[in-house]
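Owing to the predicted nature of the structure, the values given are computational and were not obtained by experimental measurement.
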Amino acid sequence: MSAFELKSLDECLEKHLPAEELSEVKRILYGVEKDQTLELPADALATAKEHAFEIKGYRFTARQEELRKPRIVRVGAIQNSIVLPTTASIAEQREAIWRKVRAMIKAAAEAGCNIVCTQEAWTMPFAFCTREKFPWCEFAEEAEKGPTTKMLAELAKAYNMVIVHSILERDVEHGETIWNTAVVISNSGRYMGKHRKNHIPRVGDFNESTYYMEGNTGHPVFETEFGRIAINICYGRHHPQNWMMFGLNGAEIVFNPSATIGRLSEPLWCIEARNAAIANSYFTVAINRVGTEQFPHEYTSGDGRPAHKEFGPFYGSSYVAAPDGSRTPSLSRCNDGLLVTELDLNLCRQVKDFWGFRLTQRLPLYAESLQKATELDFEPQIIREK
């Protein structure tokens, strides 16, 4: 990373561009003709100030229809750093993160959010770089009956809010194996279900297959009071078929809780969730943690460089993309933050009608081709000059 730390692209543009040029640049970058800023309540702003996190609000609108009322939903995306050193006890580390994020969920409720989603593995440092099993496996907990789900269930009921949270899951009913799992809690405070990460990275310091393997829950879509939602966990965003299946199952909002760092993936970050929103005619919510995490023991990255203890920086930059290709500006690259976005879910069908991507998708063609590609005797369809 360079010595210069860019906090946010949007902040940089506003600092250096004249107003007229800035408006046109934002139109090109974000795909919006008008200011999409959402005015947030004073109590939400006060909570953010008290607890020292960024809070931003934006909105997406849809065309007024004659037969359907607007389907307005507010979603909250939470990005945060860890709180205590990774040498502190497991219980103390988790409780400190709980306290931080509880305040952010409170602000989300004050801002009128109906659905909130955390970043990937939000209750712990992203320790999978170390390849050490202990003490990091102690962060794993049951999806339905674990302490984090119980704690958040109380908040979901109190705030009439759906909460999606991503944890290291301990499957006590199947050999106490570990999974990377997102849990969905309804606004009634009841456990709705879970989804396990479909694609596991084996790149750079993301040594996650040391701890858990590819998920076995398919592509579930959760029908909540506020719309049909799904979760594409972190590395799954690199796989278009993963995004596609959530769309085929009827998702209107797909959350992408992530933990990704620096120059490894930042050129991809602003493209993938936005492209998925376009290709599948739904909203996407891309969430990434912030900060650099330091671990007790050195580890190597397998790239010839010296062993080190740091993992990061995680560059935040959480954003929401709409099915028409527009998107919000990002949250900060380095600060805790809550992104509040108001959506009209009617836009999903309107984009389908306008662009016809589902109409022209030709699933049988690709199903046949993909079936052939999975066979051991598959031969690529390449035509060569004779």
Side-chain angles (χ1 to χ4, degrees), residues 8-11 26-27 29-41 44-45 47-48 53-63 70-80 101 104-119 159-165 187 224-232 237 251-258 269-270 272-278 280-288 316-333 335-348 350-351:
S8 119
L9 176 62
D10 208 50
E11 183 180 294
K26 285 189 174 183
R27 183 190 68 80
L29 280 179
Y30 302 137
V32 292
E33 297 285 347
K34 299 178 181 179
D35 181 28
Q36 60 185 147
T37 302
L38 176 68
E39 186 174 344
L40 298 174
L45 298 174
T47 298
F53 61 85
E54 178 186 26
I55 185 169
K56 298 287 185 182
Y58 302 97
R59 63 157 48 96
F60 295 105
T61 59
R63 185 180 61 83
R71 298 177 61 214
I72 305 300
V73 175
R74 286 193 184 185
V75 299
I78 294 174
Q79 67 176 42
N80 61 275
V101 173
M104 301 174 85
I105 293 174
K106 176 176 181 286
E110 292 166 340
C113 287
N114 308 111
I115 309 170
V116 164
C117 185
T118 69
Q119 64 198 26
Y159 295 141
N160 190 32
M161 172 194 293
V162 173
I163 297 179
V164 181
H165 75 107
N187 54 311
T224 75
E225 181 179 328
F226 308 112
R228 295 188 301 274
I229 67 172
I231 309 98
N232 182 358
R237 73 181 176 278
E252 296 170 305
I253 308 169
V254 179
F255 294 91
N256 177 225
S258 301
W269 177 253
C270 60
E272 289 172 313
R274 189 177 189 181
N275 188 62
I278 297 167
N280 298 287
S281 303
Y282 53 45
F283 291 92
T284 58
V285 184
I287 310 168
N288 187 26
S317 304
S318 302
Y319 70 95
V320 176
D324 63 359
S326 59
R327 56 155 289 181
T328 69
S330 299
L331 287 179
S332 166
R333 296 176 72 251
N335 297 327
D336 294 344
L338 168 64
L339 177 62
V340 178
T341 310
E342 184 176 279
L343 322 173
D344 186 342
L345 297 182
N346 283 351
L347 186 60
C348 297
Q350 292 175 11
V351 169

Inset, instruction - Decide yes or no for R228 and Y282: does some side-chain heavy atom of the first lie under 4.5 Å from some side-chain heavy atom of the second? - result: no
Legend entry - Any side-chain heavy-atom pair of D344 and T61 under 4.5 Å: no
Legend entry - Polar side-chain atom of Y319 near backbone of W269 as donor-acceptor pair, under 3.5 Å: yes
Legend entry - Atom pair OG (S326) and CD1 (I278), whose distance is rounded to the nearest 0.5 Å: 9.0 Å
Legend entry - Inter-residue atom distance Q119.CD - N288.CG, 0.5 Å rounding: 7.5 Å
Inset, instruction - Taking the side chain as every heavy atom from C-beta outward, state whether L38 and R74 have any atom pair closer than 4.5 Å. - result: yes
Inset, instruction - With sequence neighbours left out, write down each residue that passes ring-ring contact (aromatic ring centres under 6.0 Å, His included) with F283, or none if nothing qualifies. - result: F60
Legend entry - Reported SG-to-CG distance for the pair C113 and L339, which is rounded to 0.5 angstrom: 9.0 Å
Inset, instruction - To the nearest 0.5 Å, tell me how far K56 NZ sits from T341 OG1. - result: 12.5 Å
Inset, instruction - Please report the shortest heavy-atom distance between A321 and A273, naming the atom on each side. - result: CB-O, 4.2 Å
Legend entry - V320 vs L343 side-chain heavy atoms within contact, under 4.5 Å: yes
Inset, instruction - Mind checking the CZ-OH spacing from R274 to Y30? Nearest 0.5 Å is all I need. - result: 9.0 Å
Legend entry - Minimal non-hydrogen separation, G76 against L338, with atom names: CA-CD1, 4.1 Å
Legend entry - Pair S330-R333, side-chain donor/acceptor within less than 3.5 Å: no
Inset, instruction - Return the minimal non-hydrogen interatomic distance between A322 and L347, and the atom names on each side. - result: CB-CD2, 4.1 Å
Legend entry - Note, I253 side chain near L345 side chain (heavy atom, < 4.5 Å): yes
Inset, instruction - Say whether, by atom type as modelled, one donor and one acceptor occur between the side chain of Q350 and the main chain of R63 under 3.5 angstrom. - result: yes
Legend entry - side-chain hydrogen bond (donor to acceptor under 3.5 Å, both in side chains) between N80 and D336, worked out: CA-CA 4 Å; N80 61 275; D336 294 344; 5.5 Å; no
Inset, instruction - Check for a donor-acceptor pair, side chain of N232 on one end and backbone N or O of N256 on the other, with a separation under 3.5 Å. - result: no
Legend entry - Separation between OG1 of T224 and CG of N114, rounded to the nearest 0.5 Å: 8.5 Å
Legend entry - P70 versus N346, closest heavy-atom pair with distance: CA-ND2, 3.6 Å
Inset, instruction - Would you indicate whether the side-chain heavy atoms of I115 and F255 approach each other to under 4.5 Å? - result: yes
Inset, instruction - Under the side-chain contact (heavy atoms from CB on, under 4.5 Å) rule, collect the residues that match up with S318, sequence neighbours excluded. - result: Q79, I287, L331
Inset, instruction - Test E225 against N187 for side-chain hydrogen bond (donor to acceptor under 3.5 Å, both in side chains), laying out the working first. - result: CA-CA 8 Å; E225 181 179 328; N187 54 311; 2.8 Å; yes
Inset, instruction - Evaluate the side-chain hydrogen bond (donor to acceptor under 3.5 Å, both in side chains) criterion for residues S8 and D10: first the C-alpha distance (whole Å), next the side-chain angles of each, then the deciding distance (0.1 Å), finally the verdict. - result: CA-CA 5 Å; S8 119; D10 208 50; 5.6 Å; no
